Amino acid sequence: MNNSTVLLLLLSVLIAGFISYYHYFYKANSNSKINWFLAFLRFIAIFGLLVLLINPILTRKSFETIKIPLPIVVDNSSSVIELNSNESALEVYKKLTSNSELQEKYEVQSYQFSSELESSESYDFKGMQTRIDGVGKGLKSIHKSVNHPTVIITDGNQTQGSDYIYSFDENKAVYPIVLGDTTSVLDLKISQLNVNKYAFLKNKFPVEVFVNYSGNKNVNATFSISQGSTVLSKQNVSFSNSQRSQLITVLLPAEKVGVQVFKATISSSEPEKNTYNNTKNFAVEIIDQKSEIAIVSSINHPDIGALKRAIESNQQRKVTLVKPNQINSLQDFNVLILYQPTSEFKSVFEKNNLANLNTWIITGLHTDFNFLNQNQLAFEFKMSGQPEDYLATFSSQFNLFATDNIGIDNFPPLQNPFGTITSKSAFEELLGARIRNVELDSPLLAYTENQGKRSAFLLGENIWKWRLQSHIDQQSFEKFDVFIDKTIQFLASNNARKSLVVTHENFYNSGDAIEINAQYFNKNYEFDDNARLSITVKNKATNQTKSYDLLKSTNSYKVNLDGLSAGNYSFTVTENNSKTSYSGFFEVLDFDIEKQFVNPNYAKLNQLANQTSGKTYLANQVDELIKSLLANENYKPIQKEIVKKTPIIDWIWLLIIIALALASEWFIRKYNGLL
């Protein structure tokens, strides 16, 4: 409150006192107690009104102590139980959270993690995955600008995510408490098995297996791959202190169509603490047909190489590059990709009129659009000789088949001559065209279906830039290749379009996400937002059934069946209004990644501690950690001064006092006959 406000308040006291004196004592015949009380009421009312007019600002100071947060993060995955450390973990957690001195200095916070970081004070150690890098990323977002220590109670064995060493803030100390026995024991382990999901009948498919060994003596082991009771491959493997890992590659025959389950095993005569990690089940789907795709082009262009690589990333596809005048027969192909057709393609179109293959037409600056107008019935092209850059816009309403937006809206433009494109039949637009920020009526990528024949149209060249941009964005070609494969899959199938389309894998590893997607279309083959889809899952061995509802996402319905035990399952998806149904099956392979470990990863946790200027402790060294945290002068509570300024006009009680004073004065004067 400044000096001028104080002077005004003093002046208000004088004015209120003068008016009260003038009304009740100046030339008054009596100085009774009633006059004194009435003068007081008048003083209160007038002074209160003057104070409201002056409206001084009242300042109030208070102090708040802000403690440094101390996240205590417990590994809630099942690997803790496998290492017989769940009781030890709970004991360590209780000792830390119940310490009164720690609570006085820090704001103790309790978290748990398996696949995700969550706030929790109870733990069941049933998590199916361990993702320690999520702890670092989660704490960064929760405590962005606060320098705090972190205590993480874990075995350090991660099964998901990126390297957690670099996920934590280097300037915030991490104190790992290592769970489990760090004593090295003899153990043989299949650490990784690589195999393609698909193989072709009567061919051989490769299986790549990485086998690791820990121990202090030389060991001779036997590696085998079997199917049921039949051993398909068997070989001897040797390990020593200098040879602790082996890469084994085996070629297996694909002799039966369908999903085939195999088991890889490594064993020796030496006793082991953990034999669960000596075996790993895997499955391969054997198919008896391979899609043959012909890319027909009369020019050389980077698009052709990009398309070939993208399509052949799926092992079910084989691409042949041919020139228009080199095609004698189309019987060997399932799909034709006609790249920038010109009059040279006349014989190809004539042969396809008889073969009736599905086609993908790609246009560009070298396309003869007059020829194209004469040989297809989907679009009419009126193009100029002026090239134009066309950007893509992903259509979320596209429902011909399930596909995801891989960031195409931000991809480089495709080039095509400027002009007008008019549709002559119904089509489904996946990508719309725009020039800069102007949306056009014409599509960039569209699909048609007429009397069982399917066609796709990409109206622009330089799609190779899209594949490159996708790799820059995702550090992988996978999403772009899957995007292209969706089109090939649509063209490679001649099945009539169904009302209920269900997408699922034929096998899953135990602990993996088991997700089934479905799309339901009405009679006009439009995606039905109001469909009611449910699924019934049956375990073939136990005949136990479970039912779930499918939840709607952007352009499909989904259900998550995580938690199913290993075994064979059949399922039926039903649209409850129309009673349309789809039946299928899948197998959950017996593989628990959390049972693969025999020791905690002490070296990795120690590296994390050193990286963040922390320190690694064992479960029996908790008291040392507590002393270190209490003695650390870098984490002192902060006392914060809070200044609150309030204008007096906000005081409702002052208005009430003024009103009471005026009312009381009037009633007393009325009662005593002074009015």
Side-chain angles (χ1 to χ4, degrees), residues 293-311 319 321-327 335-349 352 359-394 408-424 427 429-448 455-471 480 483-484 487-488 491:
I293 295 96
I295 298 181
V296 186
S297 175
S298 60
I299 63 172
N300 294 323
H301 196 282
D303 283 354
I304 298 172
L307 286 170
K308 186 177 189 298
R309 289 184 178 89
I311 295 169
V319 176
L321 306 180
V322 293
K323 294 188 178 295
N325 54 12
Q326 294 177 342
I327 293 183
V335 177
L336 286 179
I337 299 179
L338 305 178
Y339 189 79
Q340 304 212 35
T342 63
S343 58
E344 296 181 51
F345 284 68
K346 183 177 180 180
S347 61
V348 179
F349 278 94
N352 196 35
T359 59
W360 186 2
I361 296 176
I362 302 176
T363 68
L365 301 180
H366 300 87
T367 305
D368 186 341
F369 288 96
N370 292 327
F371 170 79
L372 203 54
N373 286 334
Q374 298 170 7
N375 289 276
Q376 54 81 39
L377 301 175
F379 296 98
E380 182 177 355
F381 300 94
K382 295 181 180 179
M383 316 302 284
S384 68
Q386 177 66 35
E388 184 59 76
D389 290 340
Y390 292 91
L391 295 167
T393 301
F394 186 84
I408 289 180
D409 293 1
N410 299 317
F411 279 9
L414 301 184
Q415 280 197 315
N416 209 40
F418 181 78
T420 303
I421 302 173
T422 306
S423 63
K424 296 191 290 186
F427 68 91
E429 179 184 292
L430 176 56
L431 300 178
R434 59 189 169 93
I435 299 176
R436 297 179 181 87
N437 293 324
V438 179
E439 299 287 344
L440 305 179
D441 292 333
S442 57
L444 195 63
L445 178 58
Y447 304 86
T448 65
S455 299
F457 292 84
L458 177 62
L459 306 178
E461 63 178 66
N462 292 334
I463 196 174
W464 67 271
K465 294 182 180 179
W466 286 12
R467 191 168 190 260
L468 183 61
Q469 185 64 47
S470 177
H471 188 277
F480 177 84
F483 179 82
I484 294 297
T487 295
I488 299 300
L491 296 174

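The first residue in the sequence is number 1, and the count goes up from there. Since the structure is predicted, the reported quantities are computational estimates derived from the model, not experimental observations.
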Verdict with reasoning, Ile435 to Asp389, per side chain to side chain contact (heavy atoms under 4.5 Å, CB included) = CA-CA 7 Å; Ile435 299 176; Asp389 290 340; over 6 Å; no

Non-hydrogen atoms of Glu429 and Asp441 that approach each other most closely = OE1-O, 4.5 Å

Rounded to the nearest 0.5 Å, how far does CG of Asn375 lie from CG of Asn370?
-> 11.0 Å

Check whether the ring centres of His471 and Phe480 lie less than 6.0 Å apart, and answer yes or no.
-> no

Write down the atom of Pro417, the atom of Gly364, and the distance for their closest heavy-atom approach.
-> CD-O, 3.4 Å

Where does the angle between the aromatic ring planes of Phe349 and Phe371 fall among parallel (under 30°), tilted (30 to 60°) and perpendicular (over 60°)?
-> perpendicular

In terms of heavy-atom contacts, Leu444 and Ala392 come closest through CD2-CB, 3.6 Å

Drop me the distance from Asp303's CG to Gln340's CD, to the nearest 0.5 angstrom.
-> 7.5 Å

Does the side chain to side chain contact (heavy atoms under 4.5 Å, CB included) test come out yes or no for Tyr447 and Leu445, once each step is laid out?
-> CA-CA 7 Å; Tyr447 304 86; Leu445 178 58; 3.5 Å; yes

Centres of the Phe427 and Phe379 rings: under 6.0 Å?
-> yes

Derivation of the side chain to side chain contact (heavy atoms under 4.5 Å, CB included) call for Phe457 and Thr363 = CA-CA 8 Å; Phe457 292 84; Thr363 68; 5.9 Å; no

Is Phe369 close to Thr342 at the side-chain level, that is, under 4.5 Å between some pair of heavy atoms?
-> no

Enter the distance from Lys346:NZ to Asn325:CG here, rounded to the nearest 0.5 Å.
-> 15.0 Å

Phe411 and Leu391 have their tightest heavy-atom pair at O-CD2, 3.8 Å

Return yes when atom CZ of Arg309 has more than 12 non-hydrogen atoms of other residues, nucleotides or ligands closer than 6.0 Å, and no otherwise.
-> no

Where do Gly385 and Pro387 come nearest, in terms of heavy atoms and distance?
-> O-CD, 3.5 Å

Begin from the C-alpha positions of Ile488 and Trp360 and carry the test side chain to side chain contact (heavy atoms under 4.5 Å, CB included) through to its verdict.
-> CA-CA 9 Å; Ile488 299 300; Trp360 186 2; 4.1 Å; yes

Is there a donor-acceptor pair closer than 3.5 Å between any side-chain N or O of Asn373 and the backbone N or O of Phe381?
-> yes

CG/Leu430 to OG1/Thr487 distance, rounded to the nearest 0.5 angstrom?
-> 7.0 Å

Return yes if a side-chain donor-acceptor contact under 3.5 Å exists between Ser343 and Asp368, otherwise no.
-> no

Taking atom types as modelled, is there a side-chain donor on Ser442 or Tyr390 under 3.5 Å from an acceptor on the other?
-> no

Counting only heavy atoms not in Lys424, do more than 12 sit closer than 6.0 Å to its NZ atom?
-> yes

Main-chain N/O of Pro412 paired with Trp466 side-chain donor or acceptor, under 3.5 Å | yes

State, to 0.1 Å, how close Leu365 and Glu461 come at their nearest heavy-atom pair, and which atoms those are.
-> N-OE1, 2.8 Å

Heavy-atom donor-acceptor pair, Gln376 side chain to Leu372 backbone, under 3.5 Å | yes

Distance-only, no hydrogens or angles: does the Asp409 side chain make a donor-acceptor pair with backbone N or O of Phe394 under 3.5 Å?
-> yes

Mind checking whether Val348 and Leu336 have side chains closer than 4.5 Å, heavy atoms only?
-> yes

Is Glu380 close to Ile421 at the side-chain level, that is, under 4.5 Å between some pair of heavy atoms?
-> no

Flag side-chain contact, heavy atom, 4.5 Å: Leu431 against Thr393 | no

Do any N or O atoms from the side chain of Arg434 and from the backbone of Arg436 form a donor-acceptor pair under 3.5 angstrom?
-> yes

Reported OG-to-CZ distance for the pair Ser298 and Phe345, which is rounded to 0.5 angstrom | 5.0 Å

Donor-acceptor pair, Thr359 side chain versus Ile361 backbone, under 3.5 Å?
-> no

Going by heavy atoms in the side chains, are Leu307 and Ile362 under 4.5 Å from each other?
-> yes

State, yes or no, whether a side-chain contact exists between Val296 and Lys323 at a heavy-atom distance under 4.5 Å.
-> no

Report yes if the side chains of Leu491 and Ile337 come closer than 4.5 Å at any heavy-atom pair, otherwise no.
-> no

Rounded to the nearest 0.5 Å, what's the gap from NZ on Lys308 to CD1 on Ile484? Could you check?
-> 15.0 Å

